[in-house]
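What follows is a set of notes on a single structure, which appears directly below.
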Amino acid sequence: MHDVKLIRDDPQAFDDALARRGLKPAAKRIVELDILIRAAMTAKQAAENRRNQASKAIGLAKARKDESEAARLMEEVESAKYDLAQLPETEAAASAELEEILANIPNLPAEDVPDGADEHGNEKVREWGTPRNFDFFIRDHVALGEGLGLMDFAAAARISGARFVALKGGLARLERALGAFMLDLQTNEHGFTEISPPLLVRSEALYGTGQLPKFAEDLFRTTSEHSLIPTSEVSLTNLVRETILAESDLPMRMTAHTPCFRAEAGSAGRDVRGMIRQHQFYKVELVSVTTPENSSEEHEYMVHCAEEVLKRLDLPFRTMLLCTGDMGFQARKTWDIEVWLPSQNTCREISSCSNCGDFQARRMDARYRPAGDRKTRFVHTLNGSGLAVGRTLVAVMENYQNADGTIAVPPCLVPYMGGMTRIG
RNA sequence: GGUGACGUGGCCGAGCGGCUGAAGGCGGCGGUUUGCUAAACCGUUAUACGCUGUCAAGGCGUAUCGAGGGUUCGAAUCCCUCCGUCACCGCCA
C-alpha cells in the first residue's frame, strides 16, 4: 500500500516509478480522488460538528426543562443531518475506489534495482562453487528417485492429481533432514527465532502481505474463510500486524519450517516433470521486521543467511539481483539465489530474498515507536527463503549422485540422517 | 458442535442514553524534596484522519470503549450480525 501523501506531493515521481515496472500512470486519478475525499470529509466533519453541538445543547435544555429551546435545537440537528445526507456516501465511494486502485498497485522499485522487462534483465551479483565434473551419464532427480523406488509420482497422482509426490525411505528422511538442518542453522547461528505458525490464514493476512486481492487464483481456499499459506512469509510477517513495537524489539527475526501450498494457476505446462514445481512443498522461511534505516543492511544479512545453507551443502549457486520486471508485487528489491542443477545444465531459483520496505507494514498497520519518540512509524518487512526444501532436495540428489544411481549424503547432513552416508 | 458469561486506554478497573476521550488505581515520563536509595508530593501520560499553520510548534474539528450495521435529537450504555476470550458439556489428534 502506498502513502497517498507522497503521491500527492510528487505525482510525477510516482508515475515514473510505475513506468519502471512497465505500468501505466496512476497518480492523476489517485490525486483527484484524494482531493474529493478530503473535501467531502471536511464538509462532513463540519456538519457533524453542528449536529454534535446541537445535540449536547438539547441535553442541557431538557435539564433546564426548556422544551421550546429543545424543540428548536432538534430542528437544527435535522438541518445538519440534511447537509450530512450525501457526504458520507460520496466519501465512502471515493475512498473505496481509491483503495481499490492502491491495493492493486505493486511496490515501487528501489533506486538501485536495474530496469528490465523480464528475467533476462536480472544481474548476476556473485557466484559460488564449481559445478562437479561427472564421468558418467547423469540422471535427473526423477530418474534417480524413481530408480531407487523412493519417489512415487504415479501413486501421488492417483491420490491428489498432478504436481504431487510421495517420498519414501531415505528420500523422505533426506527431506526431513534438510528442513531440520536449515532450521538449526538459522536459529542457532543466525539469530532467527523458530516459529510454528498457522498454515491456514484469513484473507486479511493475505491482503497484508500482498497476495490479495490480486493473486487470489494462486491460492488454495478452503470451504471456510481460510486459505492454505503459499509461504509462511504470510504467517510470520502478519505476526506483527496491528501492533506497535518498541524500537528495542527490532530487528525481529523469525523463521519457520512449513509446508507451502500453491495452485500454480498460471504455470500450466511449466516444469511439469519432477519436484521443481509442486502444489505442496516444504520451505524454511526467514522474516525480518526492522527499521527503515536498517532494512537495506538487514536485507544483505538475510541473503547471506540463505547462501550459507548452500555453502554448507557445498552446492554451487549464483545470486541474482532481480530487475524491475521480474520482481514480485510486494518487493522493492529482490535477490534470488539460484542453485546449480546438473540435469538442466543451468541454475534454478532456490531462494528469493525481498525487502518490502513499508509496503506490507502499511497494509498490516504494523508500526514501531522510535526510542524516545512519541510518533510511530511503519516498520520495514523483509522475507527470504532459507531455503526451499523441495528444490534443495532436488539439488542434493542431482549434485551428489553416484554412477550407480545412489546418492551420497552431504557431510553436514549425516548427523541428521542418523549416520547414513548414502541413499539407495 | 451445545449452553452460559464476557470483550473499556500500556495494564487493572468504574461507567443512570445527554459537557465521558472516558472516574479511580497501577505502570511510564517530567519535576519538587533528598547524602544515596526508598517514600511523599505536584504535573503529565491514546491513536488515526481532516482543517489551519512555513507538510514546525501550536490551535480547531471528526472518528475510535472488539469489528460492522441499526434505533435515537444524542449510544461505551439499547437492538442485530460477525470476530474473539473464558467456563462447563459433547466430540476428537
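Chain letters run A, B, ... following the sequence lines, proteins first, then strands; residues in each count from 1.
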Name the pairs: protein N/O against N/O of nucleotides 45-52 of chain B, kept only if under 3.5 Å.
residue : atom : partner  : partner atom : Å
B:U47   : OP1  : A:Arg369 : NH1          : 3.2
B:U47   : O3'  : A:Arg367 : NH1          : 3.2
B:A48   : OP1  : A:Thr376 : OG1          : 3.0
B:G50   : O2'  : A:Thr42  : OG1          : 2.7
B:C51   : OP1  : A:Arg38  : NE           : 3.2
B:C51   : OP1  : A:Arg38  : NH2          : 3.3

Watson-Crick or G-U wobble partner for [N], using a 3.5 Å limit on both distances?
N: B:C36; value: none
N: B:C41; value: B:G31
N: B:A76; value: none
N: B:A63; value: B:U47
N: B:U71; value: none
N: B:A5; value: B:U85
N: B:A14; value: none
N: B:A22; value: none

[N] [atom2] sits how many Å from [X] [atom1], rounded?
X: A:Met74; N: B:U72; atom1: CE; atom2: P; answer: 12 Å
X: A:Glu48; N: B:U62; atom1: CD; atom2: P; answer: 8 Å
X: A:Ile37; N: B:U62; atom1: CD1; atom2: C1'; answer: 16 Å
X: A:Lys56; N: B:U72; atom1: NZ; atom2: C1'; answer: 17 Å
X: A:Arg50; N: B:U62; atom1: CZ; atom2: P; answer: 13 Å

Taking the same atom, [atom1], in [N] and in [M], what whole-Å distance lies between them?
N: B:A46; M: B:G21; atom1: P; answer: 15 Å
N: B:A87; M: B:G25; atom1: C1'; answer: 28 Å
N: B:U47; M: B:G9; atom1: P; answer: 14 Å
N: B:G70; M: B:A75; atom1: P; answer: 12 Å

Can you name the residues that form a side chain to side chain contact (heavy atoms under 4.5 Å, CB included) with A:Leu245, not counting sequence neighbours?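 Result, side chain to side chain contact (heavy atoms under 4.5 Å, CB included) vs A:Leu245: A:Val240, A:Thr243, A:Asp249, A:Leu250, A:Met252, A:Val289, A:Tyr368, A:Val379.
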
On RNA chain B, does the nearest nucleotide to A:Ala46 precede the nearest nucleotide to A:Ile58 from the 5' side, or the other way round? Give the residue.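 The residue whose closest nucleotide sits nearer the 5' end is A:Ala46.
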
Check whether any side-chain N or O of A:Asp152 sits under 3.5 Å from a backbone N or O of A:Ala155 as a donor-acceptor pair, and report yes or no.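 Here the side-chain-to-backbone pair exists.
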
Fit a plane to each ring of A:Phe220 and A:His279, take the angle between them on a 0 to 90° scale, and name the class: parallel (under 30°), tilted (30 to 60°) or perpendicular (over 60°).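 Aromatic pair A:Phe220/A:His279 classed perpendicular.
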
Enumerate all atom pairs, one protein N or O and one N or O from nucleotides 78-83 of chain B, separated by less than 3.5 Å.
residue : atom : partner  : partner atom : Å
B:C83   : O3'  : A:Arg202 : NH2          : 2.6

Taking only side-chain nitrogens and oxygens of A:Asn49, does any of them come within less than 4.0 Å of OP1 or OP2 of B:G61?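 Checking A:Asn49 against B:G61: no side-chain N or O falls below 4.0 Å of OP1 or OP2.
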
Think A:Asn52 has a side-chain N or O under 4.0 angstrom from the OP1 or OP2 of B:U62?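 For B:U62, OP1/OP2 do have a side-chain N/O of A:Asn52 under 4.0 Å.
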
Can you establish whether the number of heavy atoms outside A:Glu111 located under 6.0 Å from its atom CD is more than 12?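 For A:Glu111, atom CD is not crowded (no more than 12 foreign heavy atoms under 6.0 Å).
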
Are more than 12 heavy atoms from other residues, nucleotides or ligands located less than 6.0 Å from atom CD of A:Glu119?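 It does: A:Glu119 CD has more than 12 such atoms within range.
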
Positive for side-chain contact (heavy atoms from CB on, under 4.5 Å) with A:Ile195, one of A:Thr255, A:Val287, A:Leu236: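 Between A:Ile195 and the candidates, side-chain contact (heavy atoms from CB on, under 4.5 Å) is satisfied uniquely by A:Leu236.
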
Apply the side-chain contact (heavy atoms from CB on, under 4.5 Å) test between A:Ile350 and each candidate in A:Val309, A:Leu315, A:Val339; give the one that qualifies.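 The single option meeting the side-chain contact (heavy atoms from CB on, under 4.5 Å) with A:Ile350 is A:Val339.
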
Do A:Lys24 and A:Leu18 have side-chain heavy atoms sitting under 4.5 Å apart?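 Of all side-chain heavy-atom pairs linking A:Leu18 with A:Lys24, none is under 4.5 Å.
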
Could you walk me through whether A:Ser288 and A:Met302 pass the side chain to side chain contact (heavy atoms under 4.5 Å, CB included) test, one step at a time? CA-CA 8 Å; A:Ser288 274; A:Met302 287 178 76; 3.8 Å; yes

With a 3.5 Å cut-off and no angle check, do the side chains of A:Asp314 and A:Tyr400 form a donor-acceptor pair?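 Result is no, nothing qualifies.
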
